[in-house]
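These notes concern the structure reproduced below.
Order of listing sets the numbers, starting from 1, for every ligand and every atom in it.
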Amino acid sequence: MPHELDAVRARILEAVAAAARRVGRDPTEIEIVAVAKTVPAERVRGAVEAGFTTIGENRVQEAESKVEAVNAGFERPPRWHLVGPLQSNKVRRAVALFDVIETIDSIALAHRVDRVAAELLPGRRYPVLLQANVDDDPSKAGFEPAALEHELEPILELSNLRVEGLMTVGRLVPDAEAARPTFLALRRLSERLRARDHRLGPALSMGMTDDFEVAIEEGATILRIGRAIFGHRH
Ligand SMILES: *Cc1c(COP(=O)(O)O)cnc(C)c1O
């Protein structure tokens, strides 16, 4: 039975492909995280049925109440990304629930995730992204870009983490074009850091409902899209 979210997904994929084509990129290298905060499990299941393969949540507690209900019965359950701030006392629950933590924003948190990953998932590297505050926005979490230049190496030494790349949450801006400098800054930061140490992966998680096309033009490999999929949040 066709689902309302099938058409939504087709529209988003078309927009992603068009933006990728504009800059000569391969759209299949761009991953869409369907951000499901406040969305009931049943509706998130609809998104999985429509073909979304990665779900994002910004709170550990909310994910705890949803992951099992969403995953139940799927031969290929979706992957789960944590896209919101992580408190150190919730690291254990987060590593158990999520496939990727996108919001490592301090050395202390990186160490903690590394230790917990060693315990819960021995013998493999747990995928994370480092959140960078490229706008120097006091209301936003994330490493200061200058600090990251120094703090990167000790994080890359952690043997139970795989640092796949960088993530940023842009400021609220009046239009998509105004977000471009933020995305460009994250890409440039990634290029600078990777020139120094290639153990940092190339992923760039940036761009949301209102600006994901601009983010693609600036090199995003992971888009975090909520409202364009699920509608307005209450
Ligand atoms: C809610 C959220 C999103 C999705 O935002 P939309 O504007 O609904 O697409 C992306 N990233 C983070 C960190 C979020 O909290």
Does ligand 1 have an atom under 4.0 Å from some heavy atom of Glu102?
no
Students should be able to answer this: which protein heavy-atom is nearest to atom 13 (C) of ligand 1, and at what distance?
Val83 O, 3.1 Å
How long is the straight-line distance from CG of Leu109 back to CG of Leu86, given to the nearest 0.5 Å?
5.0 Å
If you count every heavy atom of other residues, nucleotides or ligands that lies below 6.0 Å from Glu68 atom CD, does the total exceed 12?
no
Within a distance under 4.0 Å of any heavy atom of Ile225, pick out the atoms of ligand 1 and give their elements.
9 (O)
Among all protein non-hydrogen atoms, which one is nearest to atom 7 (O) of ligand 1, and what is the separation to 0.1 Å?
Arg227 NH2, 2.7 Å
Is Asp210 close to ligand 1, meaning an N/O of one under 3.5 Å from an N/O of the other?
no
Hydrogens and angles aside, do Thr103 and Asp105 bring a side-chain donor and acceptor to less than 3.5 Å of each other?
no
All side-chain hydrogen bond (donor to acceptor under 3.5 Å, both in side chains) counterparts of Glu31, not counting sequence neighbours:
Thr54
Out of Lys37, Lys140, Met208, the nearest non-hydrogen contact to atom 1 (C) of ligand 1 is supplied by Lys37
List the closest protein heavy-atom neighbour of atom 6 (P) of ligand 1: residue, atom name, distance to the nearest 0.1 Å.
Thr209 OG1, 3.4 Å
Does atom CZ of Arg59 have more than 12 heavy-atom neighbours, drawn from other residues, nucleotides or ligands, at distances under 6.0 Å?
no
Among Met206, Arg224, Arg59, which one puts a heavy atom closest to atom 11 (N) of ligand 1?
Arg224
Using distance alone, decide if ligand 1 has a nitrogen or oxygen within less than 3.5 Å of any nitrogen or oxygen in Gly226.
yes
With a heavy-atom distance limit of 4.0 Å, tell me whether Asn58 approaches ligand 1 through its side chain, its backbone, both, or neither.
side chain
Tell me whether Glu29 at atom CD has more than 12 heavy atoms from other residues, nucleotides or ligands lying less than 6.0 Å away.
yes
Criterion salt bridge (Lys or Arg N to Asp or Glu O under 4.0 Å) on Arg25 and Glu213, from CA distance to verdict:
CA-CA 12 Å; Arg25 296 187 57 200; Glu213 287 149 298; over 6 Å; no
